[in-house]
Structure formats: structure tokens, C-alpha cells
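Here is the structure we will look at, set down as C-alpha cells.
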Amino acid sequence: MARRFRPEFWPTVFLIPALALMLGLGVWQLERRIWKTELIGRIEHGLAAPAAPLPAEIDPGFDYRHVTVTGRFDAAHAFRLLARVHDGVTGIQVVTPLIRDDGGPAVLVNRGWVPLGPDGKPAAFDPPPEGTVTVEGIARRPLAQGWMQPDNSPATNEWFWVDPPAMAAAAGLDRVAPVVVEQAAGPDRGRYPLGGQTKIDLPNNHLQYAITWFGFAAILVAIYLLHHLRRGRAAGKGPDA
């Protein structure tokens, strides 16, 4: 007569929370996949849309928007973002405030990338144009300081991340917009700064991660069942089998 399936105490105690954790992580990755897909869609829509004037008041969700902004560059203040790589070459990016003509807060414009020479100093690059100009580019909310990024040094003009309030203070500005406009590439790709430095790197691998967690859960259940089936068969044979 076949032995009834009787779960053991300790294997079951281990299985239940481990299985709940793996299934929960799998569901969470599916939810992340939905969020990431919607985010990528919004970014692609914003980049593909025609350029629109940058508003004076910017809502918290304003990011990755194709914009134009008109004003005069504050050429006396050119902030250097260090350790910026383009096509495998290390350089800097030049950020210059633009004083808007419409009375809105000044805007930090990332004019583009400049390579470092053999001596470790930036190559020669063009100053910003004089007079009133209209800049076209991608408006982005600056990322917060990364945990491996050094602190900025306004005194030596060494910046590792865009900090609008600190840059405004260094330039003597009352306030700046909470975004940085990454200027579009110009017609002459041989002149520096080299615009068009907006990079989008948002991998969407959450489905693979979800499948992995669900796979771990299935393997755990299979091991649990196999253990009890073998134990039941051994017990069914008895000592005299």
C-alpha cells in the first residue's frame, strides 16, 4: 500500500518563506518591467517631439524634453565636468549659464565635450557665442551625486556632477532652473565643445530576472517534492523489503 505524502517539519519551514520570497521577487520584477517600459516610452516620445520653448516653471516630471531656450551666455563662468568619456576618449564637458531673455531663471547649458590632450589638459575649445542666441537641446534633470563620485570643488572649478544650486552660487546667480539643457550637436563635428552628448542607457531586463526567480521557485518545489517522494518510497519498503 502506498505511503501517504507527509511533509517533514524542517524542510517545510524552510520552503514556505523561501518560496514566498522568490515568488515575490519575480512579481516585483514584472512590475518593474511595466514601469521601465512606460519610462522608456515617455523618454522616446519626449526626444522625438518637436523642440518647444523651455517653460519658466518646470514641474517635477519634466525630463528628457526636446527644448529651445533664448538668452545670453554668461561666458565668465564655464564649469568643467570632469571624467567625461566620448567614444572611449576621456575629456570634460563644459557647462555655461544662459541668462534668459524672458525673465525666467537662468539655465545651465551643457555645451558639449572636450578631449584631454597628452598633458592632461583640455584641448582648445570655442567660447560661447556673444549676444542673444537660441539654444536647442535636451532638458534633463541632473542626477544626484553617485556614491562613488567625489565631492565637487567650486573653488578650483572641478565638478564631477551637476549641482544647480552650487553652480548658481558660484556664478552669482539668484536662481537657476532645476534642469540642465544638453545642447544639440552643431554642424561642424570637428570643433569643440562637441554637442549632442545626451546618452540613454536604460536596459529593460526585468522579464529575464522575473523568469529567473520563478525558475528558482520551481526548482525549490521540485527538490522538496523529490525529497519526500524518495523518503516515502524508502519508508514503504520497510526494513524487511
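Position 1 is the first residue of the sequence; numbering continues from there.
- The shortest distance between side-chain heavy atoms of Thr96 and Phe79 does not fall below 4.5 Å.
- Cluster annotation: Ile223 is not connected to Leu19 through the hydrophobic network of ILVMFWY side chains, with a link wherever side-chain heavy atoms come within less than 4.5 Å.
- Once rounded to the nearest 0.5 Å, the distance linking OH of Tyr64 with CD of Glu182 reads 7.5 Å.
- Annotation for Arg100: atom CZ counts as buried by contact number, over 12 foreign heavy atoms lying within 6.0 Å.
- Across every non-hydrogen atom of Leu81 and Met167, the tightest pair is CD2-CE, 4.1 Å.
- Residues Pro128 and Ala75 approach most closely at CG-CB, 3.7 Å, considering heavy atoms.
- Transitive grouping of hydrophobic side chains (ILVMFWY, heavy atoms separated by less than 4.5 Å) keeps Leu225 and Ile219 in distinct clusters.
- One hydrophobic cluster holds both Val89 and Leu194 under the rule that ILVMFWY side chains link at heavy-atom gaps under 4.5 Å.
- To the nearest 0.5 Å, atom CZ of residue Arg32 and atom OG1 of residue Thr37 are 11.5 Å apart.
- Proximity of Leu23 to Trp213: side-chain heavy atoms (C-beta onward) are nowhere separated by under 4.5 Å.
- Rounding to the nearest 0.5 Å gives a distance of 5.5 Å between CG of Leu143 and CZ of Arg140.
- Counting non-hydrogen atoms of neighbouring residues, nucleotides and ligands closer than 6.0 angstrom, the NZ atom of Lys121 reaches no more than 12 such neighbours.
- Asn152 contributes no side-chain N or O that, together with a main-chain N or O of Pro154, makes up a donor-acceptor pair within less than 3.5 Å.
- Among all heavy-atom pairs drawn from Trp161 and Pro150, the shortest one is NE1-O, 3.5 Å.
- Minimum interatomic distance between Pro11 and His228 (heavy atoms only, all atoms of both residues): CB-CE1, 4.2 Å.
- The closest side-chain heavy-atom distance from Thr70 to Asp102 is not below 4.5 Å.
- Under the 4.5 Å side-chain criterion, counting only non-hydrogen atoms from C-beta, Glu8 is in contact with His227.
- Membership of an apolar cluster is not assigned to Tyr209, as no side-chain contact below 4.5 Å to another ILVMFWY residue is traced.
- There is no side-chain donor-acceptor pair under 3.5 Å between Asn205 and Gln29.
- Annotation: Asp174, atom CG; neighbour count of heavy atoms from other residues, nucleotides and ligands within 6.0 Å does not exceed 12.
- With contacts defined as side-chain heavy-atom distances shorter than 4.5 Å, the pair His66/Glu136 qualifies.
- Side-chain N or O atoms of Arg42 include none that pairs as donor or acceptor with a backbone N or O of Asp63 at under 3.5 Å.
- Cluster annotation: Ile99 and Val176 are assigned to the same hydrophobic cluster (Ile/Leu/Val/Met/Phe/Trp/Tyr, side-chain heavy-atom contacts under 4.5 Å, transitive).
- With hydrogens and angles disregarded, no donor-acceptor distance shorter than 3.5 Å links the side chain of Glu44 to the backbone of Ala48.
- With values rounded to the nearest 0.5 angstrom, Leu25 atom CG is found 11.0 Å from Leu30 atom CG.
- The shortest non-hydrogen separation linking Pro164 to Pro142 is CG-CG, 3.9 Å.
- In plain terms, the two heavy atoms of Val180 and Asn110 that are nearest each other are CG2-N, 3.9 Å.
- In summary, of the residues considered (Pro115, Pro193, Pro122), a side-chain contact (heavy atoms from CB on, under 4.5 Å) with Ile92 occurs for Pro122 alone.
- Between Phe216 and Thr212 the shortest side-chain heavy-atom distance falls below 4.5 Å.
- Surrounding CD of Glu130 are at most 12 heavy atoms belonging to other residues, nucleotides or ligands under 6.0 Å away.
- Both Phe14 and Tyr224 belong to a common hydrophobic cluster when Ile, Leu, Val, Met, Phe, Trp and Tyr are linked at side-chain heavy-atom distances under 4.5 angstrom.
- Rounded to the nearest 0.5 Å, atoms CZ (Arg65) and CG (Leu47) are 10.5 Å apart.
- Membership of the apolar cluster around Ile58 extends to Leu54, Phe62, Val67, Val69, Phe73, Leu98, Val107, Val109, Val133, Val135, Val179, Val181, as traced through chained side-chain contacts below 4.5 Å between ILVMFWY residues.
- Residues Asp151 and Gln145 form a side-chain contact, since some pair of their non-hydrogen atoms from C-beta on lies under 4.5 Å apart.
- A donor-acceptor distance shorter than 3.5 angstrom exists from the side chain of Trp113 to the backbone of Arg84, with no hydrogens or angles considered.
- Once rounded to the nearest 0.5 Å, the distance linking CG of Leu82 with OG1 of Thr90 reads 11.0 Å.
- Side-chain contact between Phe125 and Val94 is present, with at least one heavy-atom pair separated by less than 4.5 Å.
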